[in-house]
Amino acid sequence: MSDASYFDESTTPKLPVAAPLDFIALLKPRVMSLVVFTALAGFLLAPTLPHPLIVFASLFAIAVGAGASGALNMWYDADIDAVMRRTRLRPIPAGRIDADAALAFGVVLSILSVFTLGFVSNWLAAALLAFTIFFYVVIYTMWLKRLTPLNIVIGGAAGALPPIVGYSAATGDVSMASLMLFAIIFIWTPPHFWSLAILKMDEYGSVSLPMLPNVSGLRRTRLEILIYCLILAPIGAGPWLLGFASWLYGVTAVGLGLGLLYLAGQLFFAQDNATIGQAARRMFAFSILYLFTLFLMLTIERVLSFMGLF
Amino acid sequence: MSDKDPKDEELSSRQGIVLTPEQVRGRRARNIAIGLGVTFLAVLFYAVTIVRLGGAVANRSI
């Protein structure tokens, strides 16, 4: 081997061109914002709030933890992301970030976020955040996602944990109220993602992901969506029934729950593929509105309550 | 007579890996982002420490 091979392009690592925005994209900012939003709702369930700076720092740590999970998910799923139209422009398949750099970024941020949360709030919250990251990356991404159509049913627990993490960061404890918010997101996740899976059947099929519509067919998926919505509608009203949200929240939750059931019914009874596609699109969009509205109402009510205005 | 090894001289005279303008821009932007991130964390940890210590920290018997 000659000395010139030392600088040979084929033997030297590819130098990165990634801009900071590429690393931010790796954190899945939209998912991060949803996690912060639901964790804040959990925070606000606490009888008394810690200092605003502690609230801010805790939410920051939870957001970074969620982002780290997203980065590790993109690192592991880079092979299937490169095939699917929806994900092929993500930083790793697009070639802007090296897979090893994404892995290092995700691991460092995971550790940083857990220890930051432990330092600024308490170690129960930090342990719950570590468990959330572990559950999303190892249990969901590495194990269940490519194995079973129950992937998002079980994996949904990771997305449902932030309110519990938020509440425990504020109080050092877990309460029935925070478990109620966990239950709402946990039951909401399958019908939300199965509606998307109906719309993206071909893409998921192209990478052999065992999503429910691909494995069990459209009929079974639509039935499952309907059943989950039947369970979700009363659970959505749970915060009011348990007494930590007002009647205004209760009326909204019941109204939105009925709307969700109506759309799930429309999807179930749709006859042809075009109608099923339209109904699934409406169901997907409405499910986002459903969760967002419920958590927004809870947040506003609690903020007004802390200000003595409600 | 120079006591430098000719092989070392040859190696040090080489240009090495030359970054493209895009790579230079990327590296600079990443360095700035890391600097800002570390500064933010230092300020945050300092402020949280002060808040957690509380206002009466100076009023203690020595």
Side-chain angles (χ1 to χ4, degrees), chain A residues 2-27 49-64 67-68 91 94-98 101-102 104-105 108-109 111-113 115-122 126 169 172, chain B:
Chain A
S2 72
D3 279 342
S5 67
Y6 181 73
F7 295 124
D8 185 353
E9 271 189 19
S10 62
T11 58
T12 49
K14 194 175 167 235
L15 293 167
V17 292
L21 277 181
D22 292 320
F23 281 94
I24 289 174
L26 212 55
L27 300 176
L49 281 182
H51 189 281
L53 185 71
I54 302 291
V55 177
F56 169 77
S58 302
L59 287 175
F60 171 75
I62 293 169
V64 173
R96 294 195 304 278
I97 291 182
D98 187 52
F105 186 60
V108 168
L109 287 192
I111 296 168
L112 184 76
S113 63
F115 279 90
T116 302
L117 189 61
F119 170 68
V120 301
S121 62
N122 59 72
Chain B
M1 188 183 119
S2 164
D3 54 355
K4 279 184 186 170
D5 187 335
K7 210 172 173 185
D8 285 349
E9 278 195 357
E10 189 211 328
L11 273 176
S12 62
S13 68
R14 280 190 188 162
Q15 212 170 9
I17 297 167
V18 180
L19 300 183
T20 64
E22 194 187 11
Q23 287 169 337
V24 171
R25 268 199 308 276
R27 186 175 64 178
R28 184 174 163 73
R30 289 196 303 276
N31 287 346
I32 292 171
I34 291 170
L36 290 174
V38 170
T39 307
F40 171 75
L41 279 181
V43 172
L44 183 72
F45 274 59
Y46 176 79
V48 167
T49 304
I50 298 296
V51 166
R52 284 181 70 102
L53 282 173
V57 67
N59 304 330
R60 67 195 194 284
S61 56
I62 297 173

- Item | Contacting region of A:Ser58 [heavy-atom separation from chain B under 4.5 Å] | neither
- Write down the atom of A:Leu53, the atom of B:Val48, and the distance for their closest heavy-atom approach. CD2-N, 3.6 Å
- Query: Parallel, tilted or perpendicular: which fits the ring planes of B:Phe40 and A:Phe56, with parallel below 30° and perpendicular above 60°?
  - Reply: perpendicular
- Task: Select one option (side chain, backbone, both, neither) describing which atoms of B:Leu41 are under 4.5 Å from chain A's heavy atoms.
- Result: side chain
- Query: Which region of A:Leu21, side chain (C-beta onward) or backbone (N, CA, C, O), has a non-hydrogen atom less than 4.5 Å from a non-hydrogen atom of chain B, or is it both or neither?
  - Reply: neither
- Query: Tell me, side chain or backbone of B:Leu19 under 4.5 Å from chain A's heavy atoms, or both, or neither?
  - Reply: side chain
- Query: Can you name the nearest heavy-atom pair linking B:Arg52 to A:Val120, along with the distance?
  - Reply: NH1-O, 2.9 Å
- Do the side chain of B:Arg30 and the main chain of A:Phe23 share a donor and acceptor less than 3.5 angstrom apart? no
- Return yes when atom CZ of A:Phe119 has more than 12 non-hydrogen atoms of other residues, nucleotides or ligands closer than 6.0 Å, and no otherwise. yes
